[in-house]
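The first residue of the sequence shown is numbered 1, and numbering continues consecutively from there. The shown structure was predicted, so the numbers you read here are calculated from the model rather than taken from an experiment.
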Amino acid sequence: MNWRNFITVMSIMILIGTEVFGVAIASGWAIAGLFELGPVFGYVLMALFCLFGAWLMVQLWRRCTAVEPLSGNA
């Protein structure tokens, strides 16, 4: 395992993941509040946006590991 690349990729995933899921939850809350849709629909929007955020994180993982391979020599 290439620990230097592993630490780099995990740092990127933590940084971007925090931002992506923060925006997903805030967007669901804001849209539901703006259109007065109620708390249940707000939670549904938050869940949908978080699913989209999870898909984005998987895509980011694939791209990061293509550039910074985790296996191989240090």
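Taking CD of Q59 as the start and CG of L56 as the end, the distance is 7.5 Å to the nearest 0.5 Å. If you take CG on L70 and CD1 on I7, they are separated by 11.0 Å, rounding to the nearest 0.5 Å.
Contact between N5 and P69 at its shortest, heavy atoms only, is ND2-O, 2.9 Å. The two atoms that bring I31 and L37 nearest to each other are O-CD1, 4.2 Å, heavy atoms only.
A single hydrophobic cluster is not seen to contain both F35 and V40; linkage of ILVMFWY side chains at heavy-atom distances under 4.5 Å, directly or through other members, places them apart. Criterion: ILVMFWY side-chain heavy atoms under 4.5 Å apart, direct or through other members. Under it, M10 and W3 are part of a common hydrophobic cluster.
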Expected list for residues 41-52: side-chain donor-acceptor pairs under 3.5 angstrom, two or more places apart:
none

Validation: residues 14-28 side-chain donor-acceptor distances under 3.5 Å, sequence neighbours left out:
residue: T18; atom: OG1; partner: I14; partner atom: O; Å: 2.7
residue: S27; atom: OG; partner: V23; partner atom: O; Å: 2.7

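Under the side-chain contact (heavy atoms from CB on, under 4.5 Å) criterion, E36 pairs with no residue, sequence neighbours left out.
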